[in-house]
**Student:** 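Quick one: the structure is below, and I'll ask about it shortly.
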2 protein chains.
Amino acid sequence: MHAAVLRYFDHVARHGSIRKAADALSVASSAVNRQILRLEDELGVTLFERGRQGVRPTAAGELLLRHVRETQNEYQRMRAEIASLGGTVSGDVRIISLESLLVRFLPLVVQEMSVKHPQVTFTVLAVHPSEISEALRSGDNDFGVLFVDNRHRGIDVVAEFPTAVGALMRPDHPLAGRKSLTLTECVGHPVVMLQDRWLLDAIMATEFADSGARLSPRIVSNSIEFMRQVIKSGLGIGFFTPVGFLEEVRRGELVHVPLAEPGLAQSRIGILVPRYRRLSPPARLMIDHISERLRSFDDFLAAPVRPALRSTSRPAQRRAKSRSKA
Amino acid sequence: MHAAVLRYFDHVARHGSIRKAADALSVASSAVNRQILRLEDELGVTLFERGRQGVRPTAAGELLLRHVRETQNEYQRMRAEIASLGGTVSGDVRIISLESLLVRFLPLVVQEMSVKHPQVTFTVLAVHPSEISEALRSGDNDFGVLFVDNRHRGIDVVAEFPTAVGALMRPDHPLAGRKSLTLTECVGHPVVMLQDRWLLDAIMATEFADSGARLSPRIVSNSIEFMRQVIKSGLGIGFFTPVGFLEEVRRGELVHVPLAEPGLAQSRIGILVPRYRRLSPPARLMIDHISERLRSFDDFLAAPVRPALRSTSRPAQRRAKSRSKA
DNA sequence: CGCCGGCGATGCCGAAATGGCAGCGTGCCG
DNA sequence: CGGCACGCTGCCATTTCGGCATCGCCGGCG
């Protein structure tokens with residue numbers, strides 16, 4: 001429906017080069033070039049600065065770019081809305097997430113969703129913590145499943161759930177019997193750590209730093225899967241939320257001991273949505289489904305800690321504080 | 001830039017007929033028709049119900065319509081934004097207003113604005129009170145200059161100014177010497193009234209009813225200009241905000257005596273903007289300008305009442321409570 | 001009852017827009 | 001200096017779009 005020039009312009013901006021964009025679009029570069037020139041003529045401004053190394057949007061180009069992307073996003077959302085009028089939900093749901101949730105949790109909910117709504121497609125991306133704000137604000141993604149971080153402006157938390165960041169280890173580890181741990185208590189034990197603060201968002205990073213704990217990493221990696229295997233083989237302790245390791249903990253292959261540091265024990269996973277974003281029907285359904293799933297895991301996630309401290313009363317208190325709307 | 005089919009679709013929906021739309025667009029009806037058919041084929045849904053008397057959007061058509069209009073509005077706003085990058089402000093500012101402001105006040109500010117920014121065009125419409133909400137929400141208009149009515153949902157008041165609704169009469173009228181009046185005090189005097197609640201919004205209507213005052217209208221009309229002349233010729237009292245009659249009051253041709261009823265004395269004129277609407281640069285400038293103008297009238301508008309009641313202290317207190325942003 | 005007028009849909013044709021191909025000029029880099 | 005990637009342009013084929021005439025349909029009116 002929309003003019004091809006919208007897609008062309010978007011691609012040129014993304015690739016920073018007319019030829020690259022034309023290549024990605026599978027059209028001749030001349031065609032793309034002429035559309036851009038025609039557009040500049042129509043608006044009476046130059047939209048790209050032509051450098052020796054490609055093109056870069058001018059201020060006017062940036063404004064147009066925002067309009068174009070917004071239009072395309074809204075178009076997709078509207079198509080999904082129309083499709084859902086006929087009863088069958090369809091469209092693409094774009095999610096950004098913590099990598100630890102990408103490994104187990106999100107595949108599960110995506111699969112469950114796919115069974116219920118076969119027409120829905122999914123784009124699930126792990127993002128570097130420094131790019132979360134941009135990824136949510138750009139309008140390219142519907143929502144994020146991330147650690148709640150109230151430093152983000154213009155982003156709403158539509159549902160959040162407590163999760164206890166803790167130490168993951170084999171059942172035969174010396175610390176495996178503990179009900180909770182401080183980071184300082186882990187000093188001396190071999191630790192496997194994530195490289196480059198991946199997964200550990202800023203909250204945790206400062207907490208780890210503030211504790212003064214000089215943890216000695218025996219193994220450093222940026223692969224969750226690698227760390228999973230390393231921990232399973234008893235090479236050290238890892239620090240994670242348990243959501244990505246539910247199966248291992250259930251089967252007794254690993255033990256998750258929550259950390260006592262307040263900033264970590266009270267950390268929360270939330271569904272983060274750019275404020276004012278209109279969600280497509282499948283995105284709304286997906287948010288509801290994830291909320292439900294997280295809530296159903298909640299007892300399991302939180303139970304190992306709190307009931308042990310609060311003796312008898314309220315033995316399995318529901319602690320999810322969903323603010324999801326109907 | 002945008003595909004012609006957007007404009008076609010919009011026009012067809014507005015006119016409720018393909019041929020009418022084609023006529024308004026100055027293209028052949030077949031061209032319009034085929035574009036609509038192609039669009040329906042592309043989306044896989046029928047967008048219009050073909051009746052004997054033209055076409056009417058289906059549910060899917062309504063969704064698409066919203067997207068199309070939003071896209072067009074945003075495009076216009078973006079063009080204005082780009083144009084203002086070059087220093088010269090341009091674009092169209094769409095305002096809805098009370099009819100009483102249309103007669104004197106808005107022509108003044110529009111003229112002042114036109115001098116400063118010749119490239120800016122204006123669309124100023126009087127709307128029936130029952131259509132205010134729809135007119136603001138539709139996205140067709142930038143803002144309204146109206147009586148503040150907090151029953152509107154999703155509409156923000158970016159600036160508001162007290163205005164004293166009062167009785168307008170000739171200086172030789174028996175009540176002309178009064179500092180303030182109640183409606184019951186007006187009983188017995190001939191009154192000129194607006195037909196069909198035009199201008200008087202619901203607040204005033206109820207106030208007039210609640211007061212129990214049985215005012216005897218000698219003349220009823222729906223034309224402000226007609227009533228102005230009638231009042232000037234001494235045929236009766238009219239009830240208005242003074243903004244539309246500033247010149248006459250200044251020249252001493254008419255006297256404006258504020259009404260004592262709290263709901264009327266404390267009525268406010270405000271600039272009402274649809275929440276979440278992004279304003280074009282000229283619209284922002286126009287809002288600022290109107291705010292300033294209203295504020296500069298404020299002393300004049302409010303002074304006749306309050307200083308007289310509060311004797312010495314705070315003789316000419318500024319009472320504008322602008323919440324306009326820079 | 002039949003005619004007329006308005007409606008949307010369609011076939012046909014010329015005009016305009018779009019895209020593909022080849023080639024130009026230019027600046028960067030080894 | 002020669003390759004290389006860049007944006008740009010002339011030429012031609014293809015696709016799309018719009019105008020015109022026409023069809024089928026239906027309601028209103030004489």
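Sequence lines set the chain letters: A, B, ... in the order given, protein chains first and strands last, and positions in each chain run from 1. Predicted model, so just to flag it, every value in this text is computed and none were measured.
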**Student:** Over how many whole Å does the gap from B:I18 atom CD1 to D:dG18 atom P extend?
**Tutor:**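 Going from B:I18 (CD1) to D:dG18 (P), I get 14 Å.
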**Student:** Are A:R79 and B:L43 side-chain neighbours, meaning at least one heavy-atom pair lies under 4.5 Å?
**Tutor:**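 Contact flag for A:R79/B:L43 side chains = yes.
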**Student:** Starting at atom CE of A:M1, determine the distance to atom P of D:dC17, rounded to an integer number of angstrom.
**Tutor:**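 After rounding, the reported distance stands at 14 Å.
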**Student:** Do side-chain atoms of A:R94 reach the backbone of A:D140 as a donor and acceptor pair under 3.5 angstrom?
**Tutor:**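 Here the side-chain-to-backbone pair exists.
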**Student:** Taking only side-chain N and O atoms of B:Q35, does any of them lie within less than 4.0 angstrom of OP1 or OP2 on D:dG18?
**Tutor:**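 Yes, because at least one side-chain N or O of B:Q35 sits under 4.0 Å from OP1 or OP2 of D:dG18.
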**Student:** Give DNA chain C the dot-bracket treatment, 5' to 3': Watson-Crick (N1-N3 with N6-O4 or O6-N4) or G-U (N1-O2, O6-N3) under 3.5 Å, [ ] crossing, | other strand.
**Tutor:** ||||||||||||||||||||||||||||||
**Student:** Whole Å only: how far is the CZ atom of B:R50 from the C1' atom of C:dG8?
**Tutor:**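 Value for this atom pair: 8 Å.
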**Student:** Find the distance B:D23:CG to C:dG8:C1' and express it as a whole number of Å.
**Tutor:**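 The distance from CG of B:D23 to C1' of C:dG8 comes to 15 Å, rounded to the nearest Å.
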**Student:** Does the side chain of B:K20 get closer than 4.0 angstrom to OP1 or OP2 of C:dG6 through an N or O atom?
**Tutor:**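 Checking B:K20 against C:dG6: no side-chain N or O falls below 4.0 Å of OP1 or OP2.
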**Student:** Taking NZ, NE, NH1 and NH2 as the nitrogens, is one of them in A:E81 or A:R77 under 4.0 Å from a carboxylate oxygen of the other?
**Tutor:**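 Yes.
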**Student:** Please check the phosphate of D:dC17 (OP1 and OP2 only) for any side-chain N or O of B:R38 closer than 4.0 Å.
**Tutor:**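 Yes, within the criterion.
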**Student:** If you look at every strand shown and take non-hydrogen atoms under 4.0 Å, does A:F48 touch a base, only sugar-phosphate, or nothing?
**Tutor:**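 The residue A:F48 makes no contact with any strand.
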**Student:** Keeping the roles fixed (side chain from A:R275, backbone from A:D156), state whether a donor-acceptor pair exists under 3.5 Å.
**Tutor:**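 Checked: no pair found.
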**Student:** Within a strict 4.5 Å, meaning less than it, do heavy atoms of the B:T71 and A:H2 side chains meet?
**Tutor:**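 Yes, their side chains come closer than 4.5 Å.
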**Student:** Does D:dC17 have its OP1 or OP2 closer than 4.0 Å to a side-chain nitrogen or oxygen of B:Y8?
**Tutor:**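 Result: no.
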**Student:** Can a donor-acceptor pair be found, under 3.5 Å and without considering hydrogens, that links the side chain of B:H289 to the backbone of B:L285?
**Tutor:**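 No.
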**Student:** Looking at residues at least two apart in the chain, or sitting in another chain, which of them share a side-chain hydrogen bond (donor to acceptor under 3.5 Å, both in side chains) with A:R277?
**Tutor:**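 Partners of A:R277 by the side-chain hydrogen bond (donor to acceptor under 3.5 Å, both in side chains) criterion, ordered by chain and then number, come out as A:D142.
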**Student:** For A:L39 and C:dA17, what is the distance between atoms CG and P respectively, to the nearest whole Å?
**Tutor:**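 A:L39 atom CG is separated from C:dA17 atom P by 15 Å.
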**Student:** Under the 3.5 angstrom rule, does the side chain of B:E40 hit a backbone N or O of B:L47 as a donor-acceptor pair?
**Tutor:**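 Checked: pair present.
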**Student:** Which nucleotide in the set D:dG18, C:dG19, D:dC8 lies at the smallest distance from any side-chain heavy atom of A:L37?
**Tutor:**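 The closest nucleotide is D:dC8.
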**Student:** Can you check each nucleotide of nucleotides 20-30 of chain C against protein heavy atoms at under 4.0 Å and return B for base, S for sugar-phosphate only, - for none, in 5' to 3' order?
**Tutor:** BB-B---SS--
**Student:** Whole angstroms only, please: what is the CD-C1' distance between A:E40 and D:dG7?
**Tutor:**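 Taking atom C1' of D:dG7 as the reference, CD of A:E40 is at 11 Å.
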**Student:** At under 4.0 Å, does any side-chain N or O of B:N33 touch on OP1 or OP2 of C:dG8?
**Tutor:**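 Indeed not, no polar side-chain atom of B:N33 lies that close.
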**Student:** Tell me the interatomic distance from B:L6, atom CG, to D:dC17, atom C1', rounded to whole angstroms.
**Tutor:**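 Answer to the nearest Å: 16 Å.
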**Student:** How long is the straight-line distance from CZ of A:R284 back to OG of A:S84, given to the nearest 0.5 Å?
**Tutor:**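 Separation between the atoms: 7.0 Å.
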**Student:** Rounded to the nearest angstrom, tell me the gap between atom CD in B:E49 and atom C1' in C:dC7.
**Tutor:**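 Nearest whole value for this atom pair: 16 Å.
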**Student:** Look up atom CZ in A:F9 and atom CD1 in A:I18, then write down how far apart they are to the nearest 0.5 Å.
**Tutor:**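 The distance works out to 11.0 Å.
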